[in-house]
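Just so you know, residue 1 is the first one in the sequence shown, and it goes up from there.
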Amino acid sequence: MTCAESDLMLMLTARRTLAEALAEALGDPFDLREQEAGFAVKPQALRELWAGFAHLHQEVKQDQLGLGEMAPARVSIEPLIDWLSMDLEARGEVWQRVFGLVMSKVCPPYETEYTHWKDPTYRAQQLADIAGFYAAFGFDPQAVMAERQDHIAAELLFLATLQELWRVALERGPEDDAPRVCAEAACAFLRDHVIWWMPTFARCLERRIEQLAADDPGARPVDGLR
């Protein structure tokens, strides 16, 4: 395996793990409790993966990124580790404070809530396109969460699935066309269903947490989501 191939394999592994961690962080912790699931990646392993990921992207400059995006070198993985290390019951209580018992109007975790065109037909087409991506790669979000296809955790888990399929295909050898298919699907899904709304969601989520922290400075668990 060449150095470039080794770097790609590392990047795909890091992307998959980080997408899974973010999906778990942004999904309903009470769903995880019911599945008897928990944070599978050890903190030190996640730190090492993030360090490797940041190293691979060390040449990325802030002025090369879009609105709301940050260069990996400027981002700490520690808040994510702190949040995922919390007890599921405590996380669930904080999660409900942030997102509410019904869909949050401040930071809704659904892609189609960020479209400027609120026409129901357009939203249905967007959901159908997402479902088409999922079906093409055998991904069923309903198997792990009771949410719509456009929930941020579902989309992140699909990206994680694509990274793993891509990595496995590369291991099979260059004669396999699957790596190209996975790469093209990942780029298309990122373009059409991720990068245009997730940075906005992240900023809305940050503001929501800041508001809750200001309203109740003693509510330390909220800090874990920051």
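Of the listed residues (E155, H151, E147), just one forms a side chain to side chain donor-acceptor pair (under 3.5 Å) with Y110, and that residue is E147.
Ion pairing between E210 and R207 fails under the 4.0 Å rule for side-chain N and carboxylate O. Under 4.0 Å is where a charged nitrogen must lie from a carboxylate oxygen, and between D63 and K61 no such pair does. A salt bridge does not link R97 to E93: none of the charged nitrogens lies less than 4.0 Å from a carboxylate oxygen.
Side chain of W95 to backbone of G27: a donor-acceptor contact under 3.5 angstrom is found. When atom types are taken as modelled, the side chain of Q62 and the backbone of A71 share a donor-acceptor pair closer than 3.5 angstrom. Within the 3.5 Å criterion, the main-chain N or O of V75 finds a donor-acceptor partner in the side chain of W50. With Y134 contributing its side chain and Q149 its backbone, the two residues share a donor-acceptor pair below 3.5 Å. Here the side chain of W117 pairs no donor or acceptor atom with the backbone of Y122 at under 3.5 angstrom. Between the E111 side chain and the M198 main chain, no donor and acceptor come within less than 3.5 Å of each other. With R208 contributing its side chain and V98 its backbone, the two residues share a donor-acceptor pair below 3.5 Å.
Rounding to the nearest 0.5 angstrom, the gap separating the CG atom in L159 from the CD atom in E20 is 11.0 Å. With rounding to the nearest 0.5 Å, the separation of CG in L162 from CZ in R15 is 11.0 Å.
F133 and H193 have perpendicular rings, their planes meeting at more than 60° on a 0 to 90° scale where under 30° would count as parallel.
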